[in-house]
2 protein chains.
Amino acid sequence: MSKGSNNKVKAVRVVVPDVTRNEESSRLGSGLSAGEARDLRESLSPEQRQQVETTVEELLSLLGSAHAIAVLSEFAFADGPLRFSELESSLDIAANTLSVRLRELTNAGLLVREEYNEVPPRVEYEPTAKAEQLFPAFGHFHVWAIDHELDGVDTDLSR
Amino acid sequence: MSKGSNNKVKAVRVVVPDVTRNEESSRLGSGLSAGEARDLRESLSPEQRQQVETTVEELLSLLGSAHAIAVLSEFAFADGPLRFSELESSLDIAANTLSVRLRELTNAGLLVREEYNEVPPRVEYEPTAKAEQLFPAFGHFHVWAIDHELDGVDTDLSR
DNA sequence: CAGAATCCCAATTGATACTG
DNA sequence: CAGTATCAATTGGGATTCTG
């Protein structure tokens, strides 16, 4: 997915018309069936579909990076903000990687970073509404994981 | 996420007890709220939580690989099986990469591969129930994507 | 405490060419 | 048609070291 750098997403951004948002506000939290999802998708123009597809890929690219969901899960299941060191100690993740991940999530508008001018310095992160509207999908994945377990994710390509 | 090879998942697999499945069958398709997800999570023992967490990571690692969701989306929005060449032409993906992706998804039990002994050879792929129970989450992501759009996924670390 | 800088290896992907 | 083999280029992430 080339998770990275050369995405000049902002430049390509396109406004998705209201056609798709006829019901006043957010349908988020709705567990769309496959059929409903198809209907929704088919209500989009090809360009819009491509846009949405791209955005979903970007999202999953973000979530696919090391520990990204783990980080977000911490926020999903904690209430209140979390500090860098809390995440670091509860997650078993290299500091620089955590740092990068937090910045990515913050840049993506999923976390907000609050810096306090104290000694020792304190920085807190908190999920945005945007992130919270993502959490139900996480819930779905968790339930799915409990029910199914992945079969053989060992990517042994030994046929 | 080191999406790969050294996952010896099968060896570590643990059976998740029925504690978590008191409601007879599948809760899949349920759009769990953040709070509900937390309740669900807290009903698990630490080891179970870890297991589920790991499975979710594996899943997202799988989905995070290049074009994986794109491939699955094709199945989600098509009815009936798809052929290698169909995917190849509609997806703009290198043949070898598509090949690997399809094998991974198949190994993960999300797709089934049917080979027909004909000339020219024909191979068809079809999503399993396991995959279909994943699709609602995709639907959620799509809706989310339409509603929000990702802010700045350009991973420019130029602060 | 909360990171940034640097180094470096492992893993991923696409291009190209070939095959049952 | 449905792949595989090989190669090259890029990236991603951890370890280590340093800093405001």
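No experiment lies behind these values; they were computed from the predicted model shown. Protein chains get the first letters and strands the later ones, always in sequence-line order, with residue 1 at the start of each. Side chains are part of it too, since the values below use all heavy atoms of this structure and drop only hydrogens, waters and symmetry mates.
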Inset, instruction - Find the distance Y116(A):OH to dA2(C):P and express it as a whole number of Å. - result: 12 Å
Inset, instruction - Tell me whether the OP1 or OP2 atom of dC1(D) has a side-chain N or O from R83(B) closer than 4.0 Å. - result: no
Legend entry - Closest nucleotide among dC1(C), dG3(C), dG14(C) to the A94(B) side chain: dG14(C)
Legend entry - Closest to the A66(A) side chain, choosing from dC1(D), dG13(D), dT13(C): dG13(D)
Legend entry - Exam field: side chain S73(B) to backbone A76(B), donor-acceptor pair closer than 3.5 Å: no
Inset, instruction - Answer yes or no: does a side-chain N or O of R103(B) lie under 4.0 Å from OP1 or OP2 of dT4(D)? - result: yes
Inset, instruction - For L87(A) and dC1(C), give me the distance from atom CG to atom P, rounded to whole Å. - result: 14 Å
Legend entry - N or O in side chain of S99(A) less than 4.0 angstrom from dA4(C) OP1/OP2: yes
Inset, instruction - Take F84(B) and I93(A), find for each the nucleotide of DNA chain D with the closest heavy atom, and name the residue whose nucleotide sits nearer the 5' end. - result: F84(B)
Legend entry - Ring geometry between F141(A) and F141(B) (parallel below 30°, tilted from 30 to 60°, perpendicular above 60°): tilted
Legend entry - Whole-Å distance separating the CG atom of N96(A) from the P atom of dT6(C): 13 Å
Legend entry - Length of the line joining L91(A):CG and dG3(C):P, which is rounded to integer Å: 14 Å
Legend entry - Side-chain N or O of S85(B) closer than 4.0 Å to phosphate OP1/OP2 of dC1(D): no
Inset, instruction - Look at the side-chain N and O atoms of H67(B) and state whether any lies under 4.0 Å from the OP1 or OP2 oxygen of dG14(C). - result: yes
Inset, instruction - Mark yes or no for whether S61(B), through its side chain, and E57(B), through its backbone, hold a donor-acceptor pair below 3.5 Å. - result: no
Inset, instruction - Send over the distance from R101(A) CZ to dG13(D) C1', rounded to a whole Å. - result: 8 Å
Inset, instruction - Identify whether any heavy atom of Y125(A) sits under 4.0 Å from a base atom; if not, whether one sits that close to sugar-phosphate; answer base, sugar-phosphate or nothing. - result: sugar-phosphate
Inset, instruction - For the side chain of A95(B), starting at C-beta, report the closest nucleotide among dG3(D), dG3(C), dA2(D). - result: dG3(D)
Inset, instruction - Look at the side chain of W144(A) and the backbone N and O of V56(B), then say whether any donor-acceptor pair between them is shorter than 3.5 Å. - result: no
Legend entry - Side-chain N or O of T97(B) closer than 4.0 Å to phosphate OP1/OP2 of dT13(C): no
Inset, instruction - Output the single nucleotide from dC1(C), dA2(D), dG3(C) whose closest atom is nearest the side chain of R113(A). - result: dG3(C)
Legend entry - Spacing of N117(B) atom CG relative to dG3(D) atom P, expressed in whole Å: 13 Å
Inset, instruction - Could you tell me the separation between the CD atom of E104(B) and the C1' atom of dA11(C), rounded to a whole number of Å? - result: 12 Å
Inset, instruction - Look up atom CG in L110(A) and atom CD in E104(A), then write down how far apart they are to the nearest 0.5 Å. - result: 11.0 Å
Inset, instruction - Indicate the atoms forming the closest heavy-atom contact of P81(A) with E124(A), along with that distance. - result: CG-OE1, 3.4 Å
Legend entry - Distance in angstrom units between E114(B) CD and dA2(D) P, rounded: 13 Å
Legend entry - Candidate nucleotides dG13(D), dT13(C), dG14(D), ranked by approach to the side chain of S65(B) - the nearest: dT13(C)
